[in-house]
Amino acid sequence: MSVRVRFAPSPTGQVHIGNIRAAIFNWLFARHEQGRFLLRIEDTDKERSTPEAVKAIVDALTWLGMNWDEEPVYQSTQHARHREAAERLLSAGRAYKEDKGGTGQGECIVFRMPGTDMAFHDEIKGDLRKKAEDMKDFVIVRSDGSPVFHLANVVDDVTMDITHIIRGDDHVENTYRHVALFQALGATVPKYAHLPMIVNAQGKPYSKRDGAAYIGDFRDKGFDPLALFNYLALLGWSPGDDREKMTREEMIAFFTLDRIKSGPAQMDLRKLSHLNGLYLAEQPMETFSGGVRAFLSKLDWGQALDETLFLDVCRLMQSRTPLYSAAEVWKYFFVELPDYDAKAVEKQLRKDGVKAVLTQIRAALAATDFSQPALLQAMRGVEAANGVGEGKLNQGLRVAVTGTTIGAGMIETLAVLGRERSLKRIDHALATLCG
RNA sequence: GCGCCCAUCGUCUAUCGGUCAGGACACCAGGUUUUCAUCCUGGCGAGCCGGGUUCGACUCCCGGUGGGCGCGCCA
């Protein structure tokens, strides 16, 4: 029988990074096995389920490039099947009615556990077992007639012919209940694979308090979906050799359940950023500039940028941009005068002698056509005249022209900035910033 | 409390009894037009502890410690 797996989120808010990772593993497994990847929306909780949340799930999967192979199943449309299953269990004596008092009122339906020790094989954790006395009967239908998660989940997996259930570690204990339910329903028990959790620095489940936790956060921060997908795939799984940056095809080719680790993994935003930078650096200019533009358009100075200048800046900065959002420091290319960093000004421009040298630089640059070779030659001339090493004068000039001590190569930056703005900024620095 | 699970550099990981325990991020040093947010080179850095099994354990077994999860008419 061919592989059929599913991603079954409940649409109650934003899509958590841990859930998306489960989706990625399911998707990768389905593609590797040439099976089917299905989507099921577990919207039985009427109070908390929203259409917006469904859209967020669909958007997240689409953004990350994960397609599903059949029409999504909405759990809320499966009530008849849930009820029917409960009735069958009742008449087979595998479930009974009881008024447990407490929250609900009236009788609910309770599933009777087998009363024997149980065991199942987990594709990641190996053989797992539990003693009969550690497993209690549990409610499958509430007194108001609505099915509880366990029943709905299992019945839907049966009707969808799911062969492998790949889900979070937090479900291992539920698995005994689910296995018992599959058996009582006369269905084939699927194979299970429980993924280790993504945790924070304290070892607790990773949450919004630990930084970006929803996939929308990553999109907003300027991450590339291919990079995020790659990074998440590496959390708990590895291809077996040293490769990390992989194409989708490589990941699919190497993905097997036995290569998934069983211990929890901690999210490392710095490593993700680095990987993201690698992806951005190799993007076609159209993709890169498009990503940056989408981000900059949210900033007050980033809306109606000169297209030629914008593309020049993109070419200059692409290789050193780890995130689209890092382009916020490009501001000095596009505004009248840069924001001058106080510490940089203090260190580079206030010192004795800077004014005189900067005046020489201004004159030398002004005499060129602002082509890179000419700019370089001009700087070399000033350096020689002052008896200082090559590049030694760059930082003062950089602060005068960009307001900061970091950026791309000085000569390239001057060329992109152009004659008019470069000279104007040097004049401004000479008049108001130098000591 | 009871049950289950997990445990290699700070972090993500490789290793499936014999390796100088490898790679990546981060960090440090040097280089790249004395910028770094790119890139290159080098460096620092790990088998939780205690017992076994074995000629030989990170790897297998037992115990401990630490951490996580579960024990709902939540999902």
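The basis for the numbers below is simple: all heavy atoms, side chains too, and nothing from hydrogens, waters or symmetry mates. Numbers restart at 1 for each chain; the letters A, B, ... are given by sequence-line order, proteins then strands.
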J.: Which nucleotide in the list A75(B), C12(B), U38(B) gets nearest to the side chain of Ser319(A)?
T.: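 Output: U38(B).
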J.: Check every atom of C73(B), C71(B), C5(B) against the side chain of Arg177(A) and return the nucleotide holding the closest atom.
T.: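 Shortest atom-to-atom distance from the side chain points to C71(B).
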J.: Only pairs with both distances under 3.5 Å count, Watson-Crick or wobble alike; so what is the partner of G3(B) in this structure?
T.: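 Check on G3(B): paired to C69(B), both distances under 3.5 Å.
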J.: Mind checking whether Phe25(A) and His164(A) have ring centres under 6.0 Å apart?
T.: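 No.
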J.: Under 4.0 Å: is that the gap between some side-chain N or O of Thr321(A) and OP1 or OP2 of A37(B)?
T.: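 For A37(B), neither OP1 nor OP2 has a side-chain N or O of Thr321(A) closer than 4.0 Å.
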J.: Under a 3.5 Å cut-off for both distances, is C27(B) Watson-Crick or wobble paired, and to whom?
T.: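 The base-pairing partner of C27(B), which may sit in any strand shown, is G43(B).
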J.: Is there, by distance only and without an angle test, a donor paired with an acceptor across the side chain of Asn174(A) and the base of A75(B) below 3.5 Å?
T.: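 Under the 3.5 Å cut-off, the side chain and the base do form a donor-acceptor pair.
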J.: Using whole Å, report how far CE of Met135(A) lies from P of C71(B).
T.: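 Checked: the CE to P distance equals 15 Å.
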J.: Output the single nucleotide from U34(B), A37(B), C12(B) whose closest atom is nearest the side chain of Asn394(A).
T.: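 It is U34(B).
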J.: Given the P atoms of G50(B) and U65(B), what is the spacing between them in whole Å?
T.: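 15 Å, rounded to whole Å.
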J.: With a non-hydrogen cut-off below 4.0 angstrom, is Gly263(A) in contact with a base, only sugar-phosphate, or nothing?
T.: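 Sugar-phosphate, backbone atoms only, no base.
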J.: Among the nucleotides A37(B), A14(B), A75(B), which one has an atom lying closest to any side-chain atom of Arg259(A)?
T.: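 Closest nucleotide among those given: A14(B).
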J.: Do Tyr96(A) and Asp137(A) touch side chain to side chain, with heavy atoms closer than 4.5 Å?
T.: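 Answer yes - side chains close enough.
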J.: I want to check one thing: is the phosphate of C4(B), taken as OP1 and OP2, less than 4.0 Å away from some side-chain N or O of Lys125(A)?
T.: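 Checking C4(B) against Lys125(A), no side-chain N or O comes under 4.0 Å of OP1 or OP2.
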J.: For the C1' atoms, the ones on G22(B) and on C39(B), what distance do you get once it is rounded to whole angstrom?
T.: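 It comes out at 23 Å once rounded to the nearest Å.
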J.: Is the ring centre of His171(A) less than 6.0 Å from the ring centre of Phe149(A)?
T.: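 Yes, ring centres under 6.0 Å apart.
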J.: When all nucleic acid strands are considered with a 4.0 Å heavy-atom cut-off, which category describes Leu376(A): base, sugar-phosphate, or nothing?
T.: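 Answer is base: heavy atoms of Leu376(A) come under 4.0 Å of a base.
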J.: Does a side-chain N or O from Arg398(A) land closer than 4.0 Å to OP1 or OP2 of U33(B), or not?
T.: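 Checking U33(B) against Arg398(A), no side-chain N or O comes under 4.0 Å of OP1 or OP2.
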J.: Distances under 3.5 Å only, N/O to N/O: pair up the protein atoms with those of nucleotides 23-27 of chain B.
T.:
{"from": "G23(B)", "atom 1": "O4'", "to": "Asp242(A)", "atom 2": "OD2", "distance (Å)": "3.3"}
{"from": "G23(B)", "atom 1": "N2", "to": "Glu244(A)", "atom 2": "OE2", "distance (Å)": "3.0"}
{"from": "A24(B)", "atom 1": "O2'", "to": "Glu244(A)", "atom 2": "OE1", "distance (Å)": "2.7"}
{"from": "A24(B)", "atom 1": "N3", "to": "Lys271(A)", "atom 2": "NZ", "distance (Å)": "2.9"}
{"from": "C25(B)", "atom 1": "OP1", "to": "His274(A)", "atom 2": "NE2", "distance (Å)": "3.3"}
{"from": "C25(B)", "atom 1": "O2'", "to": "Lys271(A)", "atom 2": "N", "distance (Å)": "3.2"}
{"from": "A26(B)", "atom 1": "O2'", "to": "Arg270(A)", "atom 2": "NH1", "distance (Å)": "3.0"}

J.: Expressed in whole Å, how much space separates the P atoms belonging to G68(B) and C25(B)?
T.: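 Per the computed distance, 30 Å lies between those P atoms.
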J.: If you assign Gly240(A) and Val388(A) each to the RNA chain B nucleotide with the nearest heavy atom, which residue ends up on the more 5' nucleotide?
T.: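 The answer here is Gly240(A).
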J.: Which nucleotide, G3(B), A75(B), C12(B), lies nearest any side-chain atom of Lys130(A)?
T.: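 When the side chain of Lys130(A) is considered, G3(B) is the closest of G3(B), A75(B), C12(B).
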J.: Classify Ile124(A) by what it touches in the nucleic acid, base, sugar-phosphate, or nothing, heavy-atom distance under 4.0 Å.
T.: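 Touches nothing.
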J.: Report which part of the nucleic acid His194(A) touches: base, sugar-phosphate, or nothing (heavy-atom distance under 4.0 Å, all strands).
T.: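 Result for His194(A) = nothing.
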J.: Using the P atom in both, what is the distance from A29(B) to U38(B), to the nearest Å?
T.: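 So the two P atoms sit 15 Å from each other.
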J.: Using the side-chain heavy atoms of Leu128(A), tell me which of these nucleotides is nearest: U38(B), C5(B), C12(B).
T.: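 Nearest to the side-chain atoms of Leu128(A), counting from C-beta on, is C5(B).
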J.: Could you tell me how far C61(B) sits from G67(B) if I compare only their P atoms? Round to whole Å.
T.: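 One P to the other, the span is 24 Å.
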J.: Taking the side chain as C-beta and beyond, is there a heavy-atom pair between Gln318(A) and Leu280(A) under 4.5 Å?
T.: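 Side-chain contact under 4.5 Å: no.
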J.: Does Pro264(A) reach a base, just sugar-phosphate, or nothing at all? Heavy atoms under 4.0 Å.
T.: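 Sugar-phosphate, no base atom in range.
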J.: Leu234(A) CG to U11(B) P: how many Å, rounded?
T.: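 That distance rounds to 17 Å.
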J.: Please name the nucleotide paired to U35(B) by Watson-Crick or G-U wobble geometry with both distances under 3.5 Å, or report none.
T.: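 Matched U35(B) with nothing under the 3.5 Å cut-off.
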J.: Classify the nucleic acid contact of Pro205(A) as base, sugar-phosphate or nothing, counting any heavy atom under 4.0 Å across all strands shown.
T.: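 Sugar-phosphate contact only.
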J.: For the aromatic rings, using the six-membered ring if either is Trp, is the centroid distance between Phe255(A) and Trp237(A) under 6.0 Å?
T.: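 Yes, ring centres under 6.0 Å apart.
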J.: My understanding is that only one of Asp122(A), Asp169(A), Asp170(A) makes a side-chain hydrogen bond (donor to acceptor under 3.5 Å, both in side chains) with His194(A); could you say which?
T.: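 Testing each of Asp122(A), Asp169(A), Asp170(A) against His194(A), the sole residue satisfying side-chain hydrogen bond (donor to acceptor under 3.5 Å, both in side chains) is Asp122(A).
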J.: Looking for any heavy atom pair under 4.0 Å, which part of the strands does Gly389(A) touch: base, sugar-phosphate only, or nothing?
T.: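 Since no nucleic acid heavy atom lies under 4.0 Å of Gly389(A), the category is nothing.
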J.: So, is Arg142(A) near the phosphate of C74(B), with a side-chain N or O under 4.0 Å from OP1 or OP2?
T.: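 Answer is yes, contact under 4.0 Å.
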J.: Tell me which of Gly236(A) and Gln372(A) sits closer to the 5' end of RNA chain B, going by the nucleotide each one is nearest to.
T.: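 The residue closer to the strand's 5' end, by nearest nucleotide, is Gly236(A).
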J.: Out of Thr44(A), Asp43(A), Asp45(A), which one pairs with Ser76(A) under the side-chain hydrogen bond (donor to acceptor under 3.5 Å, both in side chains) rule?
T.: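 Result for side-chain hydrogen bond (donor to acceptor under 3.5 Å, both in side chains) with Ser76(A): Asp43(A).
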J.: Does Ile406(A) reach a base, just sugar-phosphate, or nothing at all? Heavy atoms under 4.0 Å.
T.: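 Base contact - Ile406(A) has a heavy atom under 4.0 Å of at least one base atom.
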J.: Side-chain contact, heavy-atom cut-off 4.5 Å: Arg248(A) with Leu226(A)?
T.: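 In contact.
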J.: With rounding to the closest Å, how many angstrom separate the P atoms on A46(B) and U11(B)?
T.: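 Straight-line distance between the two P atoms is 12 Å.
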J.: For U59(B), which nucleotide is its Watson-Crick or G-U wobble mate, given both distances must be under 3.5 Å?
T.: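 Its partner is none (no Watson-Crick or G-U wobble pair with both distances under 3.5 Å).
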J.: Kindly say whether, by distance alone, the side chain of Ser262(A) makes a donor-acceptor pair under 3.5 Å with the base of C6(B)?
T.: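 For Ser262(A), whose side chain was compared with the base of C6(B), there is no donor-acceptor pair (under 3.5 Å).
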J.: Scan Arg167(A) against the nucleic acid and name what it touches under 4.0 Å (heavy atoms): base, sugar-phosphate only, or nothing.
T.: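 It contacts nothing in the nucleic acid.
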J.: Taking the side chain of Lys392(A) as its heavy atoms from C-beta onward, which of G3(B), U15(B), U34(B) lies nearest to it?
T.: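 It is U34(B).
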J.: What is the pairing partner of C16(B), taking Watson-Crick or G-U wobble pairs with both distances under 3.5 Å in any strand?
T.: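 Across any shown strand, C16(B) pairs with none.
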J.: Answer yes or no: is there a side-chain heavy-atom contact under 4.5 Å between Leu38(A) and Ile162(A)?
T.: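 Leu38(A) reaches Ile162(A) side chain to side chain.
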J.: Answer with base, sugar-phosphate or nothing: what part of the nucleic acid does Ala408(A) contact at a heavy-atom distance below 4.0 Å?
T.: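 Ala408(A): base contact, heavy atoms under 4.0 Å.
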J.: At 4.0 Å (heavy atoms only), tell me whether Val110(A) reaches a base, stays on the sugar-phosphate, or touches nothing.
T.: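 It contacts nothing in the nucleic acid.
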J.: Quick one: label Val172(A) by what it contacts on the DNA or RNA (base, sugar-phosphate, nothing), any heavy atom closer than 4.0 Å.
T.: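 Result for Val172(A) = nothing.
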J.: Roughly how many Å is it from NZ in Lys204(A) to P in G70(B), rounded to a whole number?
T.: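 In whole Å, G70(B) P lies 12 Å from Lys204(A) NZ.
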J.: Compare the minimum distances between each of C73(B), G3(B), U8(B) and the side chain of Lys261(A), then state the nucleotide with the smallest one.
T.: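 Among C73(B), G3(B), U8(B), the one nearest the side chain of Lys261(A) is U8(B).
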J.: Would you measure the distance from the P atom in G31(B) across to the matching atom in A14(B) and give it in whole Å?
T.: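 To the nearest whole Å, 36 Å.
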J.: With rounding to the closest Å, how many angstrom separate the C1' atoms on C12(B) and C27(B)?
T.: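 Between the two C1' atoms, the distance is 16 Å.
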J.: Indicate, with yes or no, if the rings of Phe295(A) and Tyr324(A) have centres closer together than 6.0 Å.
T.: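 No, ring centres 6.0 Å or more apart.
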J.: Which is true for Lys245(A) with a 4.0 Å heavy-atom rule: it touches a base, it touches only sugar-phosphate, or it touches nothing?
T.: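 The answer is nothing, as Lys245(A) stays clear of every strand by at least 4.0 Å.
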J.: Heavy-atom distance under 4.5 Å between the side chains of Thr175(A) and Arg167(A), does that happen here?
T.: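 Yes, at least one pair of side-chain atoms sits under 4.5 Å.
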J.: With side chains defined as the heavy atoms from C-beta onward, is the minimum distance between Arg243(A) and Glu250(A) less than 4.5 Å?
T.: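 SC-SC contact between Arg243(A) and Glu250(A) confirmed.
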